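Quick one: the structure is below, and I'll ask about it shortly.
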Amino acid sequence: FNDDLSGEVIHEIKNDSLNSSYMGMRFPASDIPLPARELYIKNGLRYIHDVDAKDNPLISIQSMEIDLTQCRMRAVAKPHVVYLRNMGVVSSLSLAIVVDNELWGLLAFHAYDK
């Protein structure tokens with residue numbers, strides 16, 4: 001990420017059958033909000049098995065907040081799912097690159113239905 005927290009795709013490996021390329025694409029800092037960036041530092045692996053899967057509610061016997069920071073099976077922000085759908089992505093895996101406790105970058109893996 002750049003000093004202003006914006007980003008740029010600096011490497012891409014893709015199937016030739018995909019028409020679009022994201023290489024060199026720049027995106028504003030707001031595409032990855034601060035809470036998401038902080039979560040990536042604490043939990044560097046996130047995946048979405050199916051962008052069309054429905055969220056399941058978490059049911060607790062006691063009415064207490066549960067910290068899902070380290071949970072791998074958690075819902076993601078709805079705008080992110082819309083973002084992925086607009087790209088034609090059906091599932092996603094992202095790995096955080098953290099340097100000196102700061103989010104330096106992401107490795108993003110996308111699956112398509114083609």
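For the numbers below, each heavy atom of this structure counts, side chains included, while hydrogens, waters and symmetry mates do not. It should be emphasised that the depicted structure is a prediction, and the values quoted were computed from it without experimental measurement.
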Residues that I59 engages under side-chain contact (heavy atoms from CB on, under 4.5 Å), provided they are two or more places apart:
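Testing I59 for side-chain contact (heavy atoms from CB on, under 4.5 Å), a comparison that skips the adjacent residues, returns none.
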L106, V99: one ILVMFWY side-chain cluster at the under-4.5 Å cut-off?
no
Distance (rounded to the nearest 0.5 Å) between L107 CG and L93 CG:
9.0 Å
Closest approach of V9 to Y22 (non-hydrogen atoms, all atoms of both residues)
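Scanning both residues completely, I find the closest heavy atoms to be CB-O, 3.1 Å.
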For the CD atom on E102, are there more than 12 heavy atoms of other groups (residues, nucleotides or ligands in this structure) within a distance under 6.0 Å?
no
Considering non-hydrogen atoms only, spot the tightest contact between K14 and S21 and give its length.
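Scanning both residues, the minimum pair turns out to be CE-CB, 4.0 Å.
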Over all heavy atoms of both residues, which pair between T69 and N43 is shortest? Give the atoms and the distance, please.
O-ND2, 2.9 Å
Which pairs with one or both residues in residues 92-101 pass side chain to side chain donor-acceptor pair (under 3.5 Å), sequence neighbours excluded?
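Found Y40-S94.
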Rounded to the nearest 0.5 Å, the CG atom of L39 sits from the CD atom of Q70 at a distance of 8.0 Å
Is the closest side-chain heavy-atom distance between L58 and L68 below 4.5 Å?
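Sidechains of L68 and L58: in contact.
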Decide yes or no for V89 and Y112: does some side-chain heavy atom of the first lie under 4.5 Å from some side-chain heavy atom of the second?
yes
State yes or no: do M87 and V90 share one hydrophobic cluster built from I, L, V, M, F, W and Y residues joined by side-chain heavy-atom distances below 4.5 Å, directly or via other members?
no
Restricting to non-hydrogen atoms, name the atom on L103 and the atom on V98 that form the minimum distance, rounded to 0.1 Å.
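Minimum heavy-atom separation between L103 and V98: CD1-CG2, 4.4 Å.
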With sequence neighbours left out, what residues match N2 under side-chain contact (heavy atoms from CB on, under 4.5 Å)?
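N2 satisfies side-chain contact (heavy atoms from CB on, under 4.5 Å) with D4, S6, R26 once adjacent residues are dropped.
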For F27, side-chain contact (heavy atoms from CB on, under 4.5 Å) partners two or more places apart:
F1, D31, I32
More than 12 heavy atoms of other groups within 6.0 Å of I10 CD1:
no
Same apolar cluster (I L V M F W Y, side chains within < 4.5 Å links), W104/F109
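Yes, one cluster joins them.
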Tell me, do H110 and L18 make a side-chain contact under 4.5 Å, heavy atoms counted?
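The answer is no, as the side chains (C-beta and beyond) never meet within the 4.5 Å cut-off.
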Considering residues at least two apart in sequence or located in another chain, which fulfil the side-chain contact (heavy atoms from CB on, under 4.5 Å) criterion with V82?
N86
Parallel, tilted or perpendicular: which describes the rings of Y83 and H80, with under 30° parallel and over 60° perpendicular?
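If you compare the ring of Y83 with that of H80, the planes turn out parallel.
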Kindly state each residue pair satisfying salt bridge (Lys or Arg N to Asp or Glu O under 4.0 Å) with at least one member in residues 36-64, sequence neighbours excluded.
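Matches after skipping sequence neighbours: D52-R85, D55-K78.
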